[in-house]
Amino acid sequence: MAPGAWTVTGIRAAVAGGDLSAREVCAHYLDRIAATDGRLHAFTTVLREAALARADEVDARRASWRDRPLLGVPIAVKDVICTRGVPTTAGSRILAGYRPPYDATVVSRLLDAGAVIVGKTNCDEFAMGSSTEHSAYGPTRNPWALDRIPGGSSGGAAAAVAAGQAPASIGTDTGGSIRQPAALCGVVGLKPTYGRVSRYGLLAFASSLDQIGPLTWTVADAAAVLQVLAGPDPRDATASTEPPPDLSRLFPGNVRGTRIGVPRVALADGVDPEVLDAFGAALAMLSDRGAEVCDVDLPHMQYAVPVYYLVAPAEASSNLARYDGVRYGHRAKLDGAAAGVSEMYARTRSEGFGAEVKRRIMLGTYALSAGYYDAYYVHAQRVRSLIRNDFDRAFAAVDAVAMPTTPTPAFRIGERIDDPLAMYLGDVFTVSANLTGLPAISLPAGLTQARLPIGFQLVGRPFDEATLLRIGDALERDAPWSDERPPAFA
Ligand code: GLN
């Protein structure tokens, strides 16, 4: 069977039915990682022994675990999510060697569901970036074109799924970090509503924006993984107390009468013509299936990038204060008794953090400092409310808002690394879903002439991931590109 043909739902059924053992499945993916990761570098840690031992445990318990929703399914987890006893680096030198003493809630839920964790995936340092080039452990490459970035910050998670190294991975999305790499690697990426999935055990970047979600080949697989991740958690006070609906009942997705709004910004100058063509083609397919496509007005969305790049660094500057060399991770070696604790903090942080993280800490500290707080931070929060009001108004008339996920396909490694502004502007279509807390999905929408993937994004009403999955499934069923795989990893 072609590696990419193994899906979450397919593997679960095969293991539960006794057609494949969890060990066979796990060994297949581990072999695939061993054969391909030298070229891709999607993983920071591969758990070969532990994953096989876990697969054996799944096989031994198959009779009593038969109903578990991810029985024997290998999953890769982004390296900003805590895994007990397993290195969790956040792509940073400051956490080199750190092994958390506990599992994140999402990890416990995956394990309870019968999943097998195969490894930790590479990411931009503390999830700050759009290319995975800001990892202290070196960049990940795009499986569709090895000289290009896979997107970020969950670049390893997206590349792993695209290259058939895992049928699903878990990413995080603060300003697009699930959807943008999913788009650039040609897979499905879902950012749930803020509060749908517990953030307990996620190394915080910007706490009012961060969400955890799945990257998969198919929409049905994204639903299956979200079903396991979602739900109340007493350990995260921002997790919704509403249990998620049964997402398996949505399929096959029917879009007859579903209203999809298109904001003018989606079609603005600066969007690559091939991205616009693919966007139009996806809308046409949905309207052929009975969806009603219309215009919506989101007048404040043009401010989303500047607002995001004030709010996210402000929160990051506070969250990252904990990396001080005292409690965990790297500590600078100081010689001489004269060196005091302040010098230890300063040296630890200077050595431990990379350039992009330092830039964000400085921007955030500036925006929060006395005298600038009202002018920058408070102002940004006000505009954030206006953006949310725009979406609320739009959702009175439509069921989902459609936009491209990114203005361009994957760029070359090195192309934007020295131009932070160019890197930030690429987030124009993704950050508003985080600022508003709304759920959003990126779906494959075909390939450019040069065979680079393009993403189609839908944003939904609060806690209405179901509508996004239903529309996504309808698109996937019609799409001629659903069986496309990166040629070098087919
Ligand atoms: N690219 C955005 C940033 O650099 C988003 C990152 C993310 O979602 N974690 O902040």
Side-chain angles (χ1 to χ4, degrees), residues 77-81 90-92 121-135 139-140 149-158 169-185 189-192 194 197 199 202-215 304-317 319-320 353-364 367 380 384 405-408 410-411 415-417 419-442 455 457 459:
V77 175
K78 184 178 179 181
D79 214 11
V80 288
I81 296 174
S92 182
T121 57
N122 196 23
C123 55
D124 287 295
E125 186 174 4
F126 286 101
M128 297 174 192
S130 311
S131 69
T132 316
E133 294 168 288
H134 295 308
S135 167
T140 297
I149 58 102
S153 62
S154 313
S169 59
I170 307 301
T172 65
D173 192 314
T174 303
S177 279
I178 291 173
R179 291 161 287 152
Q180 184 257 20
L184 303 188
C185 289
L190 173 64
K191 182 199 86 77
Y194 185 80
V197 175
R199 292 179 295 112
L202 164 62
L203 301 179
F205 164 8
S207 307
S208 77
L209 306 166
D210 298 340
Q211 262 295 286
I212 298 174
L215 295 96
V305 166
V307 168
Y308 171 85
Y309 278 97
L310 282 164
V311 173
E315 294 186 20
S317 69
N319 273 325
L320 269 57
F353 289 138
E356 182 62 23
V357 170
K358 288 176 182 162
R359 175 158 38 236
R360 305 277 180 119
I361 291 172
M362 285 190 282
L363 285 170
R384 182 181 184 178
T405 312
T406 62
T408 67
F411 46 92
E415 200 174 310
R416 295 190 190 166
I417 195 77
D419 188 350
L421 197 57
M423 193 81 94
Y424 298 171
L425 288 171
D427 298 335
V428 56
F429 297 132
T430 48
V431 292
S432 48
N434 304 79
L435 291 169
T436 56
L438 297 169
I441 194 168
S442 179
Q457 183 182 207
V459 182

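Just so it is clear, the structure is predicted and the values come from calculations on it, not from any experiment. We number each residue from 1, following the sequence as shown. Numbering of ligands and ligand atoms starts at 1, following listing order.
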Next on the checklist: Any donor-acceptor pair under 3.5 Å linking the side-chain atoms of S207 with those of E315?
Outcome noted: no
Checklist entry - So, R416 versus Y424: side-chain donor-acceptor pair below 3.5 Å or not? => result no
Checklist entry - Only one of R179, Q180, K191 forms a side-chain hydrogen bond (donor to acceptor under 3.5 Å, both in side chains) with D173, so which one is it? => result R179
Item to check | Results of side chain to side chain donor-acceptor pair (under 3.5 Å) for D210 - residues two or more places apart only | outcome: T174
Next on the checklist: As a test of reading the model: which residues have a non-hydrogen atom less than 4.0 Å away from ligand 1?
Outcome noted: A127, M128, G129, S130, S153, D173, T174, G175, G176, S177, F205, Y308, Y309, R360, D427
Item to check | For S131, all residues meeting side chain to side chain donor-acceptor pair (under 3.5 Å), sequence neighbours excluded | outcome: E133
Item to check | Under the side chain to side chain donor-acceptor pair (under 3.5 Å) test, residues paired with T405 that sit two or more places apart | outcome: S442
